[in-house]
2 protein chains.
Amino acid sequence: MTPQRQLVLDAVRDLGHATPEQICTQVQRSAPAVNITTIYRTLDLMERIGLLRHTHLGHGAPSYSEEKHQHVHVVCHSCGAVSEAPLDLLDGVVGRLRSDSGFELDVTHLALTGTCHTCQSTPPEDE
Amino acid sequence: MTPQRQLVLDAVRDLGHATPEQICTQVQRSAPAVNITTIYRTLDLMERIGLLRHTHLGHGAPSYSEEKHQHVHVVCHSCGAVSEAPLDLLDGVVGRLRSDSGFELDVTHLALTGTCHTCQSTPPEDE
DNA sequence: ATAGCTGCAAACGGTTTGCCTCACA
DNA sequence: TGTGAGGCAAACCGTTTGCAGCTAT
């Protein structure tokens with residue numbers, strides 16, 4: 001565990017959810033020389049050893065968080081707001097896919113998208 | 001409706017699901033001068049007027065298809081296989097989110113990810 | 001000596017932008 | 001004659017690669 005790696009891990013913990021770019025900015029506050037390449041390499045490494053995970057929120061860069069920080073993400077493609085739903089929200093779907101086709105759903109890796117309550121009155125802007 | 005736009009629409013219909021790049025290749029088979037910029041602009045336009053839609057399959061470029069061609073996509077992040085599930089798969093989730101928080105889920109815009117039956121024996125490769 | 005980690009710069013895929021030209025109402 | 005569509009090149013964001021230098025065995 002090098003200093004850079006510790007900083008990346010700390011940044012992810014501090015930020016909760018963050019894109020590689022955001023993590024980089026955070027790390028560079030205490031160590032400006034750290035390169036974004038290192039961020040990517042470290043995130044990749046930590047994901048492989050099961051320390052971190054990433055979620056695609058739909059649009060741009062993926063969002064990294066700690067492995068244990070698990071829930072289903074629901075994002076509004078009008079305003080971009082991300083909310084978190086309990087893991088069991090998709091239990092029914094998981095069971096159905098498993099028995100129908102043996103497919104093992106990873107409910108934390110995807111985000112569900114749609115339109116949030118407040119944006120339904122507002123004209124949509126799309127993702 | 002210009003010739004280029006017609007070609008783009010035809011290409012999407014022929015291909016069923018396709019990335020902008022694939023659509024471009026298809027269009028250029030009959031009209032080599034068509035630029036990828038035009039593809040993007042046309043896809044964007046047709047999406048705004050409700051002719052087409054796009055779905056994020058997780059990793060790279062989004063996949064465009066006709067608006068009426070609706071279903072839930074389930075992709076294996078080990079082998080990349082994409083399968084289609086009936087729209088009502090997520091009915092329960094849709095209802096729950098609607099009554100809990102007024103969130104209107106768009107079940108066609110996301111893909112569900114996980115591991116397919118055949119890949120569960122194979123060592124995972126991740127997305 | 002050796003392996004592994006880092007930084008840097010360059011390449012990459014996918015997408016958007018600006019600008020200039022053209023066709024057509 | 002002016003508005004919009006298309007082509008081209010350049011910029012863009014997010015990410016990966018190759019390479020060289022450093023560090024800690």
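Each chain gets a letter, A, B and so on, in the order the sequences are listed, and its residues count up from 1. Since this is a predicted model, take the numbers as computed values, not measurements.
- Rounded to an integer number of Å, the gap from CD of B/Gln22 to C1' of C/dG14 is 13 Å.
- For the pair B/Glu21 CD and C/dC12 C1', the computed distance is 12 Å after rounding to whole Å.
- In this structure, CG of A/Leu45 is placed 7 Å from P of C/dC5, rounded to the nearest angstrom.
- Rounded to a whole Å, the CD1 atom of A/Ile39 is 13 Å from the P atom of C/dC8.
- Regarding A/Asp44, its CG atom lies at a distance of 13 Å from the P atom of C/dT6, rounded to whole Å.
- In this model, the phosphate group of C/dG7 is not approached by any side-chain N or O of A/Thr37 to a distance below 4.0 Å at OP1 or OP2.
- Tested against A/Val12 for a side-chain contact (heavy atoms from CB on, under 4.5 Å), the candidates A/Ile23, A/Leu51, A/Val27 yield a single pass: A/Ile23.
- Residue A/Arg96 comes nearest to B/Leu89 through the heavy atom pair NH1-CA, 3.6 Å, listed as atom of the first residue, atom of the second, then distance.
- In this model, no donor atom of one side chain and acceptor atom of the other lie less than 3.5 Å apart for A/Asp44 and A/Thr42.
- Residue B/Arg41 has no polar side-chain atom (N or O) positioned under 4.0 Å from OP1 or OP2 of C/dT15.
- Between B/Arg98 and B/Glu104, at least one side-chain nitrogen of the basic residue sits less than 4.0 Å from a carboxylate oxygen of the acidic one, meeting the salt-bridge criterion.
- Heavy atoms of A/Pro62 sit under 4.0 angstrom from primed sugar atoms or phosphate atoms, though from no base atom.
- Chain B approaches DNA chain D within less than 4.0 angstrom (heavy atoms of the protein), and the contacting nucleotides run 5' to 3' from D/dA5 to D/dA9.
- Looking at which nucleotide of DNA chain D each of A/Ala61 and B/Gln4 is closest to, the 5′-most match is held by B/Gln4.
- Across the protein-nucleic acid pair, B/Asn35 atom CG and C/dT21 atom P stand 17 Å apart, rounded to whole Å.
- Here B/His17 and B/His71 bring their ring centres to under 6.0 angstrom of each other.
- When the P atom of C/dT6 is taken as reference, atom CD of A/Gln6 falls 12 Å away, rounded to whole Å.
- Here the shortest heavy-atom pairing between A/Gly16 and A/His69 reads O-CD2, 4.3 Å.
- The distance from atom CD1 of B/Ile23 to atom P of C/dG14 is 13 Å, rounded to the nearest whole Å.
- Between C/dT15 and B/Tyr40, a contact under 4.0 Å exists linking OP1 or OP2 to a side-chain N or O.
- Between B/His56 and B/His109, a ring centre-to-centre spacing shorter than 6.0 Å is recorded.
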